Every structure is written in structure tokens, then in C-alpha cells.
Amino acid sequence: MAATLGRAFSFELLVAASEDDTEAVVNGLDELWRRRLICERGGNEYDFSYDRIREAAHAGGESHAA
């Protein structure tokens, strides 16, 4: 979901766009952060570590939606 929001995204936007509950979003963000796929920008803002990661995640999500 985060990949569809763009390179940078906020926690609030991710929760609003997601069908998951807040706890699931927190767990997902934590997993992405531990794997160093995203980094904190300050406050509740996040950014993908590399554009290629976001692009690959976004492309993978599109193929699953089709």
C-alpha cells in the first residue's frame, strides 16, 4: 500500500488508505523499517530507502490486483 502513495508517505495517510487496522499498519511499517526498506523522515513521515524498492513493490502490487 505504501508504494502506491509515492516515495514519501505519512503514517496517517497509510492508515487512511489501508483496509487494515492501525496495529497491522504499525507491524507492517516496523517490518519494512527492520529490513531497511524504509526510513523515518521525522514525526510520522516515512520514505523508501531507494526508488527501486518502491517501484518494485508498486509493480508487484499491480500484478496482484490484475
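None of the values given here were measured: they were computed from a predicted structure.
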Rounded to the nearest 0.5 Å, what separation is found between the [atom1] atom of [X] and the [atom2] atom of [Y]?
| X | Y | atom1 | atom2 | result |
| --- | --- | --- | --- | --- |
| Leu32 | Asn27 | CG | CG | 11.0 Å |
| Asp47 | Cys39 | CG | SG | 5.0 Å |
| Ile38 | Phe9 | CD1 | CZ | 4.5 Å |
| Leu29 | Leu37 | CG | CG | 11.5 Å |
| Glu45 | Leu13 | CD | CG | 9.0 Å |

What is the minimum heavy-atom distance between Asp21 and Ala24, and which atoms define it?
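Taking every non-hydrogen atom into account, OD1-N, 2.8 Å.
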For Trp33 and Glu40, which heavy atoms make the closest approach, and how far apart are they?
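That closest heavy-atom pairing would be NE1-OE1, 4.1 Å.
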Within the 4.5 Å heavy-atom criterion, are Thr22 and Phe11 side-chain neighbours or not?
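Counting from C-beta outward, Thr22 and Phe11 do come under 4.5 Å.
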Other residues, nucleotides and ligands only: do more than 12 of their heavy atoms fall within 6.0 Å of CZ on Arg35?
no
